[in-house]
There are 2 protein chains.
Amino acid sequence: MSAVEYQVDGKTYEGWFVMPEGKTNVPVVAIAHAWGGLTDNEKQKAGIVAKEFGYAAFAMDVYGKGKRGTTVEECQALMNPLAGDRAELQKRLAGGLAAAKAQAGVDASKAAAIGFCFGGLSVLDMARAGHDVIGVASFHGLLGAAPNIAEPKIKAKVLIEHGWLDPMAPPEDVLAIAKEFHGADWQLHAHGHAYHSFTTQGANNKEMGTIYDADADRRSFAYLKTFLAELFA
Amino acid sequence: MSAVEYQVDGKTYEGWFVMPEGKTNVPVVAIAHAWGGLTDNEKQKAGIVAKEFGYAAFAMDVYGKGKRGTTVEECQALMNPLAGDRAELQKRLAGGLAAAKAQAGVDASKAAAIGFCFGGLSVLDMARAGHDVIGVASFHGLLGAAPNIAEPKIKAKVLIEHGWLDPMAPPEDVLAIAKEFHGADWQLHAHGHAYHSFTTQGANNKEMGTIYDADADRRSFAYLKTFLAELFA
């Protein structure tokens with residue numbers, strides 16, 4: 001496992017690459033980070049993808065090398081400009097995906113993307129923008145449509161792992177994305193007692209509705225394993 | 001595998017029992033039938049549970065021995081009295097569950113129930129009525145609340161495999177059961193392009209919205225396998 005620098009539009013980004021031991025020519029899973037940027041949380045998920053699922057994992061960076069948030073204010077300051085400019089976000093994600101596919105040992109014809117929170121929105125945007133991935137999986141992601149893509153033509157298979165009690169993605173957003181994605185091969189798994197950030201170990205902010213949930217974490221990753229096996233079969 | 005007669009309230013019912021080969025003291029999955037009664041479709045699902053998952057399977061009968069429907073009119077005539085008398089339905093399901101637990105080779109302390117269409121409603125009613133099962137899984141089931149149980153105290157874990165385009169369980173029914181089951185350990189998996197009867201091989205009635213869907217069938221049974229493994233761990 002190692003940090004990997006890559007360029008998009010002349011700017012430097014820093015991802016994180018993990019290969020499964022003793023394998024080569026493997027499918028790759030690009031990982032989109034939450035609002036804090038590429039942190040230990042994304043590295044932990046990359047480890048699961050490589051060690052438990054047996055695929056290459058590449059955690060992308062859409063903020064830029066060294067740009068990471070720790071406080072709520074810092075995270076918002078990093079996320080909001082991209083949440084408000086989805087075309088720019090999609091461009092940086094395309095760059096991250098290209099970097100993932102360029103890593104040694106990767107079968108670039110078999111790529112998927114997964115993301116968490118803001119990263120969930122990011123991978124849904126990769127599907128909306130028609131990026132070259134077989135499938136995307138969002139975990140407690142924001143579901144709102146991308147204003148720059150009025151009628152998305154979704155080719156990727158879509159899995160949405162969703163906490164039903166997530167205050168940032170209320171039931172009306174579920175109904176809206178079901179309409180938006182009509183005609184695509186989409187699945188949405190509602191975890192009845194889960195809030196936002198249910199896969200983020202240590203999340204426990206009841207006021208913000210970000211709470212780790214061991215059941216939803218374990219179950220959603222079991223479903224992800226099934227989903228990726230279908231994509232890469 | 002064999003037909004099994006059992007009694008509820010002095011009336012004779014006929015179930016179908018399948019054991020996994022070479023095993024004993026195994027968990028048991030009770031299967032609730034669709035509106036036609038216990039047919040080859042339920043026997044096929046029982047075969048999957050026994051042969052592929054390794055549990056005992058007992059397809060229950062809530063209509064009575066020999067009472068099976070083939071035409072729409074016959075099926076409605078059998079289903080409607082029970083759909084309109086949920087307390088009676090729940091009593092017959094309790095009898096079927098008791099018969100499932102009484103079979104040789106079954107570990108009666110580890111029971112779950114799964115059901116299809118009307119049988120999906122049936123197993124959700126087993127959860128509502130507090131039947132002694134660790135979990136229930138509904139496949140393209142009707143989601144409407146049971147009028148005889150105003151505030152269900154759900155102990156069983158609940159998995160709902162749902163076709164988002166199912167005309168018999170529209171999005172407002174999804175929102176309603178999410179409210180009804182609030183506080184329970186429930187999951188709902190929406191299959192975006194699936195209609196009603198998506199696991200029923202040969203279903204192809206576009207007018208009624210009953211259509212077999214190979215993707216949703218395969219995926220929902222993979223999720224069931226994961227769910228049952230958690231219940232019986």
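Labels below follow one simple rule: chain letters A, B, ... track the order of the sequence lines, proteins then strands, and each chain is numbered from 1.
Neither the backbone nor the side chain of B:Ile160 comes within contact range of chain A; no heavy atom of the residue lies under 4.5 Å from a heavy atom of that chain. Contacts between A:Trp186 and chain B at a heavy-atom distance below 4.5 Å involve backbone atoms as well as side-chain atoms. For chain B, no part of A:Ala194 is nearby; none of its heavy atoms comes within less than 4.5 Å. Residue B:His162 does not touch chain A at all, counting heavy-atom pairs closer than 4.5 Å. With a 4.5 angstrom heavy-atom cutoff, A:Lys157 touches chain B only via side-chain atoms.
Ion pairing between a basic and an acidic side chain is recognised when a charged N comes within 4.0 Å of a carboxylate O; A:Asp132 and A:Lys155 show no such pairing. Under the 4.0 Å criterion applied to side-chain N and carboxylate O atoms, A:Glu42 and A:Lys45 are not assigned as salt-bridge partners. With salt bridges taken as basic N to acidic carboxylate O contacts below 4.0 Å, none links A:Arg219 and A:Glu161. With respect to A:Glu230 and B:Arg218, a salt bridge is recorded, a charged nitrogen being found less than 4.0 Å from a carboxylate O.
For the set B:Val158, B:Asp185, B:Asp215, B:Thr226, the entry with the most heavy-atom pairs within less than 4.5 Å of chain A is B:Asp185.
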Open item on the list: Quick one, B:Phe232 with B:Val29, criterion side-chain contact (heavy atoms from CB on, under 4.5 Å). Give me CA distance, side-chain angles, the key distance, then yes/no.
Closed with: CA-CA 10 Å; B:Phe232 298 147; B:Val29 177; 4.1 Å; yes
